[in-house]
There are 2 protein chains.
Amino acid sequence: MGAMTAPRRQARGLARIEGILDGAASLLGEGGIEAVAMNAVARRAGISPGSLYQYFSDREELLAALARRYAERLAAVAPPTATDAVVRDGDLTAVIDAVLDPMLDYTLRNPESRALVVGGDGGLERIVEPVRQAVTERLVALVAARAPQLSGAETRRVAHMCDRIFSATVPALLDADDAERAALARELRVVLQRYLEPIDRGGPGARRARALTPSNASPSRRRRASGG
Amino acid sequence: MGAMTAPRRQARGLARIEGILDGAASLLGEGGIEAVAMNAVARRAGISPGSLYQYFSDREELLAALARRYAERLAAVAPPTATDAVVRDGDLTAVIDAVLDPMLDYTLRNPESRALVVGGDGGLERIVEPVRQAVTERLVALVAARAPQLSGAETRRVAHMCDRIFSATVPALLDADDAERAALARELRVVLQRYLEPIDRGGPGARRARALTPSNASPSRRRRASGG
DNA sequence: GTCGTTTACGAGCGATCACTCGCATTGGGC
DNA sequence: GCCCAATGCGAGTGATCGCTCGTAAACGAC
């Protein structure tokens with residue numbers, strides 16, 4: 001690995017990098033990974049194809065940098081960590097909202113989320129790993145804080161499951177119109193709420209059994225007051 | 001459109017088609033959609049590249065046929081329909097098992113599931129649609145049978161959610177070793193159970209509150225709303 | 001048998017795409 | 001002002017890949 005010392009970037013170069021990643025991100029959001037062709041990225045960023053390789057040694061590295069930047073920004077907007085007040089003292093609904101709201105907001109504002117969050121097939125899997133890991137690590141810490149009775153493996157499993165559930169709903173959310181999107185987001189909260197409630201705070205009713213008012217539970221609907 | 005009448009296939013030709021799809025499926029399972037190159041499929045099937053186009057007009061059609069065959073086989077092994085006894089009379093756990101077991105079995109036996117079930121990005125999305133639709137339609141019927149109190153839109157949403165939760169766990173299941181795989185499958189059941197229990201049979205305790213014994217709740221806590 | 005259709009071949013065409021190379025320009029440190 | 005690294009260009013290269021085409025054998029119906 002003769003990785004020569006990275007060149008000392010000038011301000012201009014750093015700005016270029018951002019521009020390149022911006023172009024790549026928009027292409028990724030518009031046409032999936034296949035649309036992220038090097039020439040297309042260069043054109044979108046307003047530079048020459050050759051200049052791309054001034055900053056990224058190959059396509060893989062560009063995509064990796066794109067995923068890294070996405071993961072960092074996502075982590076930056078999803079504030080609650082295990083030491084936050086909400087996580088320590090809030091009830092489950094509050095914690096779920098505190099985690100989910102910023103993530104949904106960021107995810108839905110960035111069309112490239114479809115490719116970077118769901119990953120799936122197409123060579124994206126390896127690239128998407130940093131994103132998934134960043135999210136999962138945060139969730140592991142959160143689950144550990146709220147459900148300390150779980151073993152390490154169980155904690156990881158629960159966190160992973162939550163991550164998967166979230167990721168799986170992202171494409172549907174991106175495709176839906178505003179009304180359906182809100183309904184889906186609510187449904188996502190219901191899934192997580194019902195899944196986590198029995199293990200939260202060491203078990204059901206450990207503190208106080210909060211009335212769980214599902215959006216679709218009983219025939220006598222209309223009882224829902226708190227939304228997103 | 002100028003769709004010329006399909007040629008009258010001889011037995012040999014039909015066998016070839018299966019062989020081609022087998023080759024494509026194995027390639028898809030091994031290296032994702034990028035590995036499903038026409039020349040590679042031909043080599044894997046032991047025929048000439050030109051012969052592929054005797055049966056499929058282009059790559060897209062081959063992939064579509066592959067997805068269609070996968071969806072049909074998946075539907076064939078997942079027996080319970082809305083009219084089945086389990087769905088009519090069984091408790092929720094039994095229904096979940098009856099639906100999930102064959103699907104998991106089929107999915108885990110076929111490595112191409114990773115590409116065909118999760119879909120995601122990479123041009124697979126359009127191709128994967130028949131698979132997703134086939135599964136979702138079945139689930140909609142099932143949810144409608146067990147939760148008739150839901151509106152059409154709610155039913156679809158719940159079914160879609162279940163489908164997504166299932167699909168999202170598939171890659172993790174495929175990657176895991178046997179022990180972790182069993183644990184994940186159990187966790188998947190827990191998620192679905194807790195999600196669906198409040199709406200099953202028209203609501204919680206509508207018939208009789210079934211004891212829910214989660215795999216990861218705190219050891220001494222088995223209490224649940226059994227007083228009904 | 002005869003004839004038209006189906007099956008089969010495989011070299012090669014055209015297009016795409018990641019990446020290179022030679023060279024010109026700019027900017028910062030001294 | 002000098003110098004070297006950083007920045008910038010864009011036509012071109014090699015490889016890959018989907019697909020075609022001319023040809024020929026195998027098959028089925030009569």
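Numbers restart at 1 for each chain; the letters A, B, ... are given by sequence-line order, proteins then strands.
- Using a cutoff of 4.0 Å between basic side-chain nitrogens and carboxylate oxygens, B/Arg186 and B/Glu180 are not scored as salt-bridged.
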Identify all pairs in which a protein N or O lies below 3.5 Å from an N or O of nucleotides 1-7 of chain C, and state each distance.
| residue | atom | partner | partner atom | Å |
| --- | --- | --- | --- | --- |
| C/dT6 | OP1 | B/Arg8 | N | 2.9 |
| C/dT7 | OP1 | B/Gln10 | N | 3.1 |
| C/dT7 | OP2 | B/Arg9 | NH1 | 2.6 |
| C/dT7 | O3' | B/Arg12 | NH1 | 3.2 |

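- Residues that satisfy the salt bridge (charged side-chain N to carboxylate O under 4.0 Å, His left out) test with B/Asp175, not counting sequence neighbours, are B/Arg114.
- The nearest whole Å value for the distance from the CD1 atom in A/Ile20 to the C1' atom in D/dG8 is 11 Å.
- Using a cutoff of 4.0 Å between basic side-chain nitrogens and carboxylate oxygens, B/Asp84 and B/Arg88 are not scored as salt-bridged.
- Distance CG (B/Leu52) to P (C/dG10): 13 Å, rounded to an integer number of Å.
- Partners of B/Arg156 under the salt bridge (charged side-chain N to carboxylate O under 4.0 Å, His left out) rule, at least two apart in sequence or in another chain, are B/Glu137.
- Across all strands, B/Ile47 comes closer than 4.0 Å only to sugar-phosphate atoms, never to a base (heavy-atom distances).
- Residues forming a salt bridge (charged side-chain N to carboxylate O under 4.0 Å, His left out) with B/Arg132 (at least two apart in sequence, or on another chain): B/Asp163.
- Of the charged side-chain nitrogens involved, none lies within less than 4.0 Å of a carboxylate oxygen, so that B/Glu197 and A/Arg194 do not count as a salt-bridged pair.
- Under a 4.0 Å N-O distance rule, the pair B/Asp105/B/Arg109 qualifies as a salt bridge.
- Regarding B/Ile17, its CD1 atom lies at a distance of 14 Å from the C1' atom of C/dA8, rounded to whole Å.
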Identify the pairs formed between an N or O of the protein and an N or O of nucleotides 19-22 of chain D at a distance under 3.5 Å, and give each distance.
| residue | atom | partner | partner atom | Å |
| --- | --- | --- | --- | --- |
| D/dC19 | OP2 | B/Tyr53 | OH | 3.4 |
| D/dC19 | OP2 | B/Arg59 | N | 2.7 |
| D/dC19 | N4 | B/Asn39 | OD1 | 3.4 |

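- For residues 93-133 of chain B, every residue pair satisfying the ring pair (Phe, Tyr, Trp, His ring centres under 6.0 Å) rule, not counting sequence neighbours, is listed here: B/Tyr70-B/Tyr106.
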